[in-house]
Each structure stands twice: as structure tokens, then as C-alpha cells.
Number of protein chains: 2
Amino acid sequence: MHRHEGHDACRSDAPDMLARAEALCRERGLQFTPLRRDVLEAVAESDKAQGAYDIAERLSAPGKRVAPVSVYRALDFLMEQGLVHRIASRNAFIPCAHGHAPGEGVIFLICRSCGAVDETSSADVEGGLERTLERAGFTPTHSILEVEGDCGACRERERTP
Amino acid sequence: MHRHEGHDACRSDAPDMLARAEALCRERGLQFTPLRRDVLEAVAESDKAQGAYDIAERLSAPGKRVAPVSVYRALDFLMEQGLVHRIASRNAFIPCAHGHAPGEGVIFLICRSCGAVDETSSADVEGGLERTLERAGFTPTHSILEVEGDCGACRERERTP
DNA sequence: GCGGGTTTGTTACAGTGTATCACCGCCAGA
DNA sequence: TCTGGCGGTGATACACTGTAACAAACCCGC
Ligand SMILES: [Zn+2]
Ligand SMILES: [Zn+2]
Ligand SMILES: [Zn+2]
Ligand SMILES: [Zn+2]
């Protein structure tokens, strides 16, 4: 359920990601254009959440500038297809590490010292939330759960200075 | 635990809020200045989440303009004191309806049709989340849980057009 | 080739939040 | 009383985030 087995291999699944995205688009009859590919690759190149403007800058070269608005459009598309998540508390984006069942809740774990964002889920949390909303007479359409703190790797690093 | 007993009385607790805030500041040796008072009052005047710029505009009068930056500073103060919450998914602010135990998780219920934001909490959800984080080796410092959907009142209104 | 949808480029703009510096009011300490 | 610090405010400018609008390019089926 976690993105990291150890704490490397973060970007080793980037090519895998691109292949998965391409297959998924073909299956749905959608266009996996070069821009969308580049944006997804840029997002997948780091396990840190990246801002749209960072991505735009990274994709821009002396001869060819990629405007932020283009990046936003590509990100919108990739989010609709479930390939990318937006981290609301950071105004930033991460690649989705593992596809989700429709309607499944995701929990984002954001490390405040290394900036890495991991994603997980919990039937426990989800069930509790469902009951709570039911009791409150509230019908949910979408929810976000983002936790900031220290990841295991950083806490370890902290202990041995 | 909910802000509304029925679904009125939303702003009837605004004066109460101000008194509470003043007492709290005195107790902590902090200044409850006119600006901070005005900002809190403006936030408490609606059960909808309001943007900082909206508040600034509302507090501005022909003779006296309140700059957004001042509002942000007041909001920062009020958030530190737990009197106001920020809704990350809306870039907006709501008054805290009922003080929280330190470290207690809050769940924001954001109605997409009437815009009202209610807050609640759940030991169930909190326990589940704690276990999940423990299992993931993640030490949390702060978490946000925001749910968008339809509140009971709006769903009722929907059913009887 | 042609027509109509989709994608991209470009520009401009709106919305959100912060940095900086100057000024004021207050109060402790010389 | 003076004075220096300190927290709060005003004011300007700026950075960052996101969207609207329109034109051009592209693709794909007819
Ligand atoms: Zn995911
Ligand atoms: Zn970390
Ligand atoms: Zn609250
Ligand atoms: Zn509602």
C-alpha cells in the first residue's frame, strides 16, 4: 500500500508509470499527448510534491517555453484519469503510486522535513468517517485527508546526527 | 458537537464568540485588539467560509480601508489561538464553533450547494488514523480532514422543489 | 479535402499570500 | 522624564497560484 519499500526506488517506477498511463488512455480512447506525457514524467521524477510553476519551468528549455496554463490543463487531465493527485495544503502535485478503487479514500502523508509525500489508505478510517457523516446527516461527494509530520526515514536520520 | 442544533442560530453565537475570545486573550496575556475583534466578528457573521479579501472588503468603509495583509495577520493570530479555522480546499476561513482539546482532530463538512461549513469530530476516525500512521511509521504533527458534499438542509430542500 | 471536436499557445487577468519598511503606542528600565 | 525595545498596524510592493478568452494547430472520420 505504500510507495516505498525501502526509501529509494522512488523514481524507479516512473517509466512504469508512463507505460501504465499510456495503456490507460488507449483503453479509454483518450489522447496521451507529448505534453501530458512530459508533465506526468516531471511529476513522477520526484517524490516531493511539485508546484505547477516548478513543472512549467522544468519543462521549459531555452528554445521552447511551456506556459503554466498548459501545465495546469495537463494536470487537470491527469487528475481526472487518476494518475496525479493534488495536495491541497501545499498547492502541489504528486504522481499516484497505485490507482484506487473508485470512491476509495486516500490519506496523504507529507513529511515536513524531507518534503516527500506518501499515500496510503485505511478501511478503518473510511468506515469511521462514513458513520460519522451518516450521523451528521451529511452526504459526501469528495474528501481530502492530509497529514503533516515526520516520515520514518527522517525520524531515523534525526536520531543519529 | 455540531454547530447547529436546528439550522438557524448560526450567527446568534457571534457575540458569545467575541466574549469568549476576549476572555481567552486576557487569560493568556494577549491583546484582543479592535482589528482582531473586527476580523473575528466578520468571520463569525456567516457560517460560510470567507476569503481574506472578502473580509478585508467587508471591513473597509469609504473613509477607512483595511488592507488584506492586515486581515491575514489578524487571522494568523486568531488561528494560533484556536478561534478560527482555515479551510485548505477553499482558501477560506470559518469561526471555530467550540474549542478543541489540544491535538483533537477536526472534520470539516463543507456543503457544496449552500456553502456552509460545519465542524465535527470522531474518536473513531481519529483512532483509526492513529493506528494507520503508527503502522506506516509516520509521526504526525498536524492533519486536515475536509469533506465536501450536501448538508442535510440542502438535501431536504432538494427533495421538495 | 472538409468540417468539427480536441489540444495547445499566448496573453491577460483574477485570486491568494508574503516581504519589507515605516510608524505608532505602550511600558520597563535608566 | 527620557529612551529603547517590542508588539501591532499601515502601506506598498511583490511572489505565487489559478483561470478566462481567443486564436492557431492538430486529429479524425466523412
Ligand atoms: Zn493515489
Ligand atoms: Zn521525511
Ligand atoms: Zn473548531
Ligand atoms: Zn447546504
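All heavy atoms count here, side chains included; hydrogens, waters and symmetry mates do not. Every chain is numbered from 1, with letters handed out A, B, ... down the list of sequences.
What separates CD1 of Ile55(B) from P of dG17(C) is a distance of 10 Å, to the nearest Å. The distance from atom OH of Tyr72(B) to atom P of dA11(D) is 18 Å, rounded to the nearest whole Å. Across the protein-nucleic acid pair, Gln31(B) atom CD and dC27(C) atom P stand 9 Å apart, rounded to whole Å.
OP1 or OP2 of dG18(D) lies within a sub-4.0 Å distance of a side-chain N or O belonging to Asn91(A). OP1 or OP2 of dG17(C) lies within a sub-4.0 Å distance of a side-chain N or O belonging to Arg86(B). Taking 4.0 angstrom as the limit, Ser70(B) places none of its side-chain polar atoms (N or O) nearer than this to OP1 or OP2 of dT9(D).
Salt-bridge annotation for Arg28(B) and Glu80(B): absent, with no side-chain N of the basic residue lying under 4.0 Å from a carboxylate O of the acidic one. Electrostatic pairing of Glu41(B) and Arg36(B) does not count as a salt bridge here, judged by no charged N lying under 4.0 Å from a carboxylate O.
Checked against dA21(D), dG17(C), dG18(D), the side chain of Phe93(B) finds its nearest nucleotide in dG17(C). Closest to the side chain of Arg36(B), from the set dT9(D), dT11(C), dG17(C), is dT9(D). Residue Tyr53(B) has its side chain nearest to dG17(C) when only dT7(C), dG17(C), dG18(D) are considered. When distances run from any side-chain atom of Thr33(B) to the nucleotides dG8(D), dT18(C), dA21(D), the shortest one goes to dG8(D). Here the nucleotide nearest the side chain of Arg73(B), chosen from dT10(C), dT9(D), dG18(D), is dT9(D). Closest to the Arg65(A) side chain, of the nucleotides dT11(C), dT7(C), dG8(D), is dT11(C).
Within 4.0 Å (heavy atoms only), Val66(A) reaches no atom of the nucleic acid at all.
Judged by distance alone, with hydrogens and angles left aside, the side-chain atoms of Gln50(B) form no donor-acceptor pair with the main-chain N or O of Phe93(B) at under 3.5 Å.
Checking each of Arg155(A), Arg112(A), Arg157(A) against Asp150(A) for a salt bridge (charged side-chain N to carboxylate O under 4.0 Å, His left out) leaves exactly one that passes, namely Arg112(A).
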